[in-house]
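Quick notes on the structure that follows.
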Amino acid sequence: MDWGAIFGNAVVELISPTTAAYALAALGLAIHFGYTGLLNFGQAGFMLLGAYGYAIPALKLGWPVWACVLTSIVASVIFALILGIPTLRLRADYLAIVTIAAAEVLRLVFTTNTFQDVTGSANGLSEYQAGLLQFNPFPPGRYGFGPWIFDNRVWFFLVIAWIVVALAAVFTWLIMRSPWGRVVKGIREDEDAVRALGKNVYSYKMQSLILGGLFGTFAGILFVLPRAVVPSYFQPSLTFFVYAILLLGGAATILGPIVGSIVFWVLLSFFSGFVARAVEAGWLPFMTQVQAGQLRFILVGIAIMLIVVFMPQGILGNKKELAFVK
Amino acid sequence: MSSEISPKAKPVKTTGLHVGDPVPGVKKVDPILVADGVKRTFGGLTAVDVEHVEIPRNAITALIGPNGAGKTTFFNLLTGFDKPDTGTWSFDGKPLAHVPAYRVARMGLIRTFQLTKSLALLSVMDNMKLGAKGQSGENLFRGLIPAIWRKQDTEIEAKALDLLGRFKLDAKKDDYAASLSGGQRKLLEMARALMSDPQLVMLDEPMAGVNPALTQSLLDHILNLKEEGMTVLFVEHDMHMVRHIADWVIVMAEGRVVAEGDPHSVMQDPAVIDAYLGAHHDADLGATDTEHVEAMKELIDDEQ
Ligand SMILES: Nc1ncnc2c1ncn2[C@@H]1O[C@H](COP(=O)(O)OP(=O)(O)OP(=O)(O)O)[C@@H](O)[C@H]1O
Ligand SMILES: [Mg+2]
């Protein structure tokens, strides 16, 4: 058994762009769910809009980077408005239903052959990064230290991703300690009480939905940068993994989503490496390699259940709060 | 505002509030709130059907009536938390129908809830600060820059501390509101409502669950509000309290205003006794009514 390779692959995830992207998406959900109490089950939809909103104009229209990012932002804000306008006046569960359905509609629209010319349908889009890569300051080649050996493209995407995550975390920290954050947390506890104090609850919920959705959108861009954009990335399970990360780290915390994402990806990589090699070595004779690939998701499911039962506040959550959760 | 609570033996009652005979819907000399034809039905049940009512300014008005009379529903309608089938009402001369709840609050009409709404996982201090109006840091972009709102926040905190002190909650300021007792939450909700310096405070059963020692100081708070120029409208089942502090009493039954008057005369109004005991006194009284019978008896005794 090559333990070195298993651990090596696992620690790579510590700083991978994917880890950063999931952390950012989870931070968006922290704003929605952890701070405002909005149940957005369509974070995958926001991520999809980020990914395609960036890739389509870059590839098909040759737009510069800033215009592509702006397209993603506009698409995501419109999506948030469409979701929010009819549902934010209703009970929290309506938003949950509408977001999960809308995200699926988006994914199917981008999968269908009808728009193949624009979306690339199930094969997606690739080689759209040229516009961004012309700013790559890293010299060509593969380098790094320890297990972290990447090519210059990945180093570039990795640095961008973590800078965006850091900025988003600082932004969230600033806004959640402000009076704006106080209103939003009040809405999470009891929106009628906040309304009775003269706050426009609907507007605050909309602002929160847009803000957390934008984080999802940026996460979508960061997630696809090192790879091709394919609609099958944006399954509902993506949203659930992001929720798993959020709960693992702590729902109403700033660093929780980041720590959660790191722990999630390191463990996932470790499990899959371990199971795959265990099957190879004949330790699990009842299992094929294909089954081994699925096993890790079963393990994730079990891990989520264990967290919710034994550590419901998450790694960084405030244990004191739990005493009052009904 | 003085932070001392001096128990007043006999509060000064405001009189001369109405014009003409004190019948239901009587005109007031200076009304702050006027409602006309406000009706709300739930399916076949008419919860509120108020033809005309005026709330006198700078006085303490009690809204009483048996369980299910429609008092809370009327509160909800007036404050924009529920929509009536028909009706108009105005606050300080400004029409209020179809105005959303948060705007009603901004206009200076603040209410509390019968089922207390404390914000459980916010600290007591944060609960209080949320009550203050016109905070620049409540804007998303200005909130990002503490320099813009820090000073205002400090002022709000000082004001909150003063109020918390008066409601004996200052020792709890850093605890979660969830850790307060039921009565303390009532106090917090009332203190929070006062953070915005409202013109009209509508309290739905402010005394329910508050211990007698504190009730006395709460009563004094309410009397202080009047001295500071505010108007108070409150729902209460405790007739002693109503008699003690109310300048004016409005009685509701089955959605309608059945009597109005100063506390002494209204208690003797046959319509009120009917409302509480049912039109047929001799008939079998439901279990829920016995409480009121007791209350009414006590009051009638008190009067003599
Ligand atoms: N949301 C609702 N749906 C249906 N019926 C309702 C609703 N809210 C109130 N009612 C009915 O309207 C009537 C008036 O209720 P309301 O809560 O206003 O009474 P109340 O005077 O505040 O009573 P209490 O003194 O017990 O608080 C009751 O008969 C109640 O059953
Ligand atoms: Mg009531």
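Per chain, numbering begins at 1; letters A, B, ... match sequence-line order.
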Check your understanding: Side chain, backbone, both or neither: which part of B/Arg150 has a heavy atom under 4.5 Å from chain A?
Key -> side chain
Check your understanding: Do A/Arg195 and B/Pro100 come within less than 4.5 Å of each other through their side chains, counting heavy atoms only?
Key -> no
Check your understanding: Heavy-atom distance under 4.5 Å to chain A: side chain of B/Phe141, backbone, both or neither?
Key -> neither
Revision key, fill the gap. For A/Ala193 and B/Phe113, the nearest pair of non-hydrogen atoms, with its separation, is CA-CE1, 4.3 Å
Exercise for review: State whether the side chain of A/Tyr204 and the backbone N or O of B/Glu138 hold a donor-acceptor pair below 3.5 Å, judged by distance alone.
Suggested key: yes
Practice item. To the nearest 0.5 angstrom, please state how far the CG atom of A/Leu197 sits from the NZ atom of B/Lys117. Key: 11.5 Å
Exercise for review: Answer yes or no: are there more than 12 heavy-atom neighbours, outside B/Lys133 itself, under 6.0 Å from its atom NZ?
Suggested key: yes
Point to revise | chain A contacts, top residue of B/Gly143, B/Ser118, B/Pro146 (heavy-atom pairs, under 4.5 Å) | key: B/Gly143
Review point. Which residue out of B/Gly137, B/Pro198, B/Gly80 racks up the most heavy-atom pairs below 4.5 Å with chain A?
Key: B/Gly137
Review point. Got a sec: does the CZ of A/Phe33 have more than 12 other heavy atoms crowding it under 6.0 Å?
Key: no
**Study point:** chain A interface, residue from B/Ile110, B/Asp126, B/Ile145, B/Asn139 that has the most non-hydrogen pairs under 4.5 Å
**Key:** B/Asp126
Review point. What do you reckon, is CG of A/Leu306 surrounded by more than 12 foreign heavy atoms closer than 6.0 Å?
Key: yes
Review point. Do A/Pro179 and B/Asp153 have side chains that get closer than 4.5 Å, going by heavy atoms?
Key: yes
Review point. Would you say B/Arg103 has more than 12 foreign heavy atoms packed within less than 6.0 Å of its CZ?
Key: no
Practice item. Would you mind telling me which of A/Leu211, A/Asp192, A/Val194, A/Val201 has the largest number of heavy-atom pairs within less than 4.5 Å of chain B? Key: A/Asp192
Check your understanding: So do B/Gln135 and A/Lys199 actually touch side chain to side chain, heavy atoms under 4.5 Å?
Key -> yes
**Study point:** Interface moiety of A/Phe171 toward chain B, non-hydrogen atoms closer than 4.5 Å
**Key:** both
Check your understanding: So does B/Phe42 have more than 12 non-hydrogen atoms from other groups sitting under 6.0 Å from CZ?
Key -> yes
Exercise for review: Please examine the side chains of A/Asn318 and B/Tyr176, heavy atoms only from C-beta on, and report whether any two atoms are closer than 4.5 Å.
Suggested key: yes
Check your understanding: Taking B/Leu109, B/Leu122, B/Leu140, B/Ile156 one by one, which has the highest count of heavy-atom pairs under 4.5 Å against chain A?
Key -> B/Leu140
Review point. Side chain, backbone, both or neither: which part of B/Ala177 has a non-hydrogen atom closer than 4.5 Å to chain A?
Key: neither
Exercise for review: Among A/Arg182, A/Lys185, A/Arg188, A/Glu189, find the one that has a side-chain contact (heavy atoms from CB on, under 4.5 Å) with B/Leu119.
Suggested key: A/Glu189
